[in-house]
Amino acid sequence: MTDADLMEQARRVLVGGVNSPVRAYHAVGGVPVFVARGSGAEIWSVDGTRYLDCVGSWGTALLGHADPDVVAAVVRAARDGLSFGAPTPGETELARRLVERVPGIERVRLVSSGTEATLSAIRLARAVTGRDGLIKFAGGYHGHGDSLLVEAGSGALTGGHPSSPGVPAELARLTRVLPYNDAAALRDLLDREGERIGAVIVEIVAGNMGCVPPHPDFLAALTEATRARGVRLIADEVMTGFRVGPQGALGRYGLSADLVTLGKIIGGGLPLGALAGRASDLDALAPVGPVYQAGTLSGNPLSVASGVATLDKLGDRGVYQLLEERTDRLANGLEALIRETGIEATVHHVPGMWSVFFCTPPVDNLTDVRRSRVEHFRHFFHHLKTQGILLPPSPYESAFLSLAHEDHHIDRILEAARQALRTLPA
Ligand SMILES: *Cc1c(COP(=O)(O)O)cnc(C)c1O
């Protein structure tokens, strides 16, 4: 069966044929690849076509697909039962690893997705500060919680609904949106309205409008201006945690936050998220404190086994050095091709994440990102797909490299990119 046949069948019973919008390929046209299996840096479609995968389950698959140690740990756990709704030692094992490696955290609450982590973090921040206001940045995506679907990135941006219908206006009004990388705007708003703001939530490296790294003055404002006003800084590291370095984006830039949200890599491919912070804040959560938060499948034994096995393979700093070298090599290669072809494009990257924007620099915020020529991205995407390389099917999603992407894979991406850039439509 072809992808088109499978999509036709899926559309009859699943909304738009998919369970998460960007998977439907609306932004690039065509039909999605239906995946049969994956191994290392590659995936195979149901019809047998092999692709080099630069989606990596949207940043989850840092070790590559079907890592043998992770799969073995999940199989071992499964034999003992799938879910109990009672404490298991694996939850402590995972939480201990997070406390040891994520800067400034003492307590962890495990949940089942990034969305759950961020919406619980916001409830907690509002409760401990007694303030309902929230600041986010345009193009930042923090899951699909109501307070966060205001000028959101990722699929909300790709689908043209960055602020979703169905979110009550009264709630959306509590969410203030500022341009990413704009230190002055953040300081101004906190100066004027800081006493009504409970939290600032930020992707320290923006990854859901494509990859947009932070400026040093923006990082300084995030930490200083929030601290001065008693506002909780929530570092949403669902994408960057354990990817851009052994201590995530916080470690990479030498920062600390009040609350940290995690997901994707920490579950090693199974559903798992976490919120974490100082004991004095986290202990406001039930059962110690009054802020309610719960989950039947929270700390699921399979997810936790997968997460522990994954983090244990990421314990050695050498893996991050390798990831950084390879991502640098890819980005430098792409920049050389852009110079060679004279195309108007900007490449951004941090270890394990990269984006090509089809516009001139600077690309520092959502307004800049929107200058990127969508028809050029579509050509780039489909050209690479024809060459057996799969990118995220949206100009507003970061692409990824995993530890299974070797130098010869990067050479293949660069060769396909050279042809794609040479044949861009006028
Ligand atoms: C993916 C992502 C989320 C949402 O996580 P889900 O597991 O999809 O709910 C939240 N924040 C960021 C930064 C993300 O990249």
Side-chain angles (χ1 to χ4, degrees), residues 18-23 55-62 102 109-123 125 134-159 162 164 175 177 180 199-214 222 233-244 248-250 252-253 257 259-276 293 295 297-300 303 306-307 310 350 352-355 366 369 392-394 396-400:
V18 295
N19 287 305
S20 197
V22 186
R23 297 180 196 171
V55 185
S57 184
W58 305 93
T60 302
L62 183 60
V102 179
R109 168 62 52 92
L110 298 180
V111 295
S112 299
S113 68
T115 294
E116 261 190 274
T118 57
L119 61 86
S120 301
I122 285 162
R123 182 179 308 138
L134 175 69
I135 295 176
K136 74 178 285 290
F137 299 93
Y141 180 70
H142 307 288
H144 61 91
D146 280 349
S147 292
L148 295 163
L149 278 185
V150 182
E151 295 190 42
S154 188
L157 177 60
T158 303
S164 177
T175 304
V177 183
Y180 184 75
V200 173
I201 186 165
V202 63
E203 294 177 75
I204 292 177
V205 176
N208 283 288
M209 52 176 162
C211 174
V212 181
L222 278 173
L233 177 63
I234 304 174
D236 183 357
E237 293 237 42
V238 171
M239 184 180 286
T240 50
F242 297 96
R243 171 169 291 277
V244 302
L250 289 172
R252 183 168 171 83
Y253 298 103
L259 295 167
V260 182
T261 51
L262 294 158
K264 297 195 170 102
I265 288 171
I266 65 162
L270 289 183
L272 185 67
L275 61 146
Q293 199 288 330
L297 298 178
S298 292
N300 174 267
S303 297
S306 171
T310 300
V350 290
M353 294 166 62
W354 57 282
S355 282
L366 183 59
V369 164
S394 163
Y396 307 124
E397 299 283 358
S398 180
F400 298 96

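Predicted model, so just to flag it, every value in this text is computed and none were measured. Atoms considered below: every heavy atom in the structure, side chains included; atoms not considered: hydrogens, waters and symmetry mates. Counting starts at 1 for both ligands and their atoms, in listed order.
Here the shortest heavy-atom pairing between Ala274 and Ile266 reads CB-CD1, 3.8 Å. Minimum interatomic distance between Met353 and Ser398 (heavy atoms only, all atoms of both residues): CB-OG, 3.6 Å.
When side chains are defined from C-beta on, Asp236 does not count as touching Tyr141, because their heavy atoms never get closer than 4.5 Å. A heavy-atom distance below 4.5 Å is found between the side chains of Pro214 and Tyr180.
Geometrically, ligand 1 and Val238 share no nitrogen or oxygen pair separated by less than 3.5 Å. On a distance-only criterion, Asp236 and ligand 1 share at least one N/O pair closer than 3.5 Å.
One N or O on the side chain of Ser355 and one on the backbone of Cys211 form a donor-acceptor pair closer than 3.5 Å.
Distances from atom 15 (O) of ligand 1 to the protein include at least one heavy-atom value under 4.0 Å.
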field: side chain to side chain contact (heavy atoms under 4.5 Å, CB included) between Glu397 and Asn208, intermediate numbers included
entry: CA-CA 5 Å; Glu397 299 283 358; Asn208 283 288; 3.7 Å; yes
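Under a 4.0 Å criterion applied to the non-hydrogen atoms of Tyr141, ligand 1 contributes the atoms 11 (N), 12 (C), 13 (C). Those atoms of ligand 1 that come under 4.0 Å of a heavy atom in Glu203, given as number and element, are 13 (C). Atoms of ligand 1 found under 4.0 Å from any heavy atom of Ser113 (numbered from 1 in listed order, with element): 7 (O), 9 (O). Atoms of ligand 1 found under 4.0 Å from any heavy atom of Gly143 (numbered from 1 in listed order, with element): 3 (C), 4 (C), 10 (C).
Nearest protein neighbour of atom 7 (O) of ligand 1, counting heavy atoms only, is Gly114 N, 2.9 Å. Nearest protein heavy-atom neighbour of atom 9 (O) of ligand 1: Thr115 OG1, 2.6 Å.
Here Asn208 has side-chain heavy atoms under 4.0 Å from ligand 1, and that is the only part of it that gets that close. Under 4.0 angstrom from ligand 1, the non-hydrogen atoms of Lys264 all belong to its side chain.
One distance of note links CD1 of Ile204 with CE of Met239; it measures 13.5 Å at 0.5 Å rounding.
In the model, Arg123 has no side-chain atom that pairs as donor or acceptor with a side-chain atom of Gln293 under 3.5 Å.
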